[in-house]
Amino acid sequence: MKLSSSILLLLGVSCSWDVARGFSSPLTTSLRSTTTTTTTSLFADKYKVFIDGEAGTTGLQVRQRIEARDDLEIISPPSDLRKDEDTRKKFINEADAVILCLPDEASIKAASFVEPDNDRTVIIDASTAFRVD
């Protein structure tokens with residue numbers, strides 16, 4: 001399911017991010033009482049996306065597609081820290097989704113930056129690093 005959500009995301013197909021991630025429940029739930037109705041969101045208003053390699057050709061194209069969506073927030077380090085390993089680790093673990101627009105070896109290294117207890121961040125790799133042996 002994560003592969004299909006990445007394809008939908010990269011192609012800019014209009015769909016619910018939650019549905020693409022495999023959630024079948026509605027995005028909101030209503031809590032009703034006899035006098036008032038309150039709607040509570042089950043998920044974040046905007047998902048944080050970090051594009052590692054956003055200064056390259058692929059990264060720029062991915063960024064352009066994501067910027068057009070109002071349900072996603074692109075998080076980026078300052079340009080002078082974009083290659084700093086500690087900064088990249090921080091942004092990778094802070095994001096809900098990370099799109100790796102890097103050469104194969106750099107992509108493998110970046111994927112290893114996900115903390116062992118981080119079960120939330122989804123990695124989408126634009127390289128061939130994890131597709132071929």
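Excluded from the calculations below are hydrogen atoms, water molecules and symmetry mates; all remaining heavy atoms, backbone and side chain alike, are included. Owing to the predicted nature of the structure, the values given are computational and were not obtained by experimental measurement.
The shortest non-hydrogen separation linking R88 to R82 is CD-O, 3.3 Å. For D125 against S107, the heavy-atom pair with the smallest separation is OD1-OG, 2.5 Å. Nearest heavy atom pair, residue A126 against residue R131, reads O-NH2, 3.6 Å. The nearest pair of heavy atoms linking I51 to C101 is CG2-SG, 3.9 Å. Nearest heavy atom pair, residue S76 against residue E54, reads OG-OE2, 2.7 Å.
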**Report entry** Intermediate values then yes/no, side chain to side chain donor-acceptor pair (under 3.5 Å), D96 and T121
**Finding:** CA-CA 5 Å; D96 296 301; T121 301; over 6 Å; no

Report task. Tell me, with the steps shown, if R69 and L72 meet side chain to side chain contact (heavy atoms under 4.5 Å, CB included). Result -> CA-CA 6 Å; R69 297 191 47 157; L72 303 175; 3.7 Å; yes

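Alongside L60, the hydrophobic cluster contains no other residue (criterion: ILVMFWY side chains under 4.5 Å). F113 belongs to a hydrophobic cluster whose other members, connected by ILVMFWY side-chain contacts under 4.5 Å either directly or through intermediates, are F50, I75, F91, I92, V98, L100, L102, V114, I123.
A distance of 9.0 Å separates CZ in F130 from CG in D104, rounded to the nearest 0.5 Å.
Take T87 and apply the side-chain hydrogen bond (donor to acceptor under 3.5 Å, both in side chains) test, not counting sequence neighbours, and it matches D84. Partners of K48 under the salt bridge (Lys or Arg N to Asp or Glu O under 4.0 Å) rule, at least two apart in sequence or in another chain, do not exist in this structure. Partners of E67 according to the side-chain hydrogen bond (donor to acceptor under 3.5 Å, both in side chains) rule, which considers only residues two or more places apart in sequence or in another chain, are R63. Considering only residues two or more places apart in sequence or on other chains, K90 meets the side-chain hydrogen bond (donor to acceptor under 3.5 Å, both in side chains) condition with none of them. With sequence neighbours excluded, the residues that form a side chain to side chain contact (heavy atoms under 4.5 Å, CB included) with P78 are D80, L81. With sequence neighbours excluded, the residues that form a side-chain hydrogen bond (donor to acceptor under 3.5 Å, both in side chains) with N93 are N118.
The pair E85-K109 counts as a salt bridge, with a side-chain nitrogen and a carboxylate oxygen less than 4.0 angstrom apart.
Sorted by first then second residue, the ring-ring contact (aromatic ring centres under 6.0 Å, His included) pairs that include residues 58-77, not counting sequence neighbours, number zero.
Shown are D52, V62, T58; of these, the side chain to side chain contact (heavy atoms under 4.5 Å, CB included) with I99 is made only by V62.
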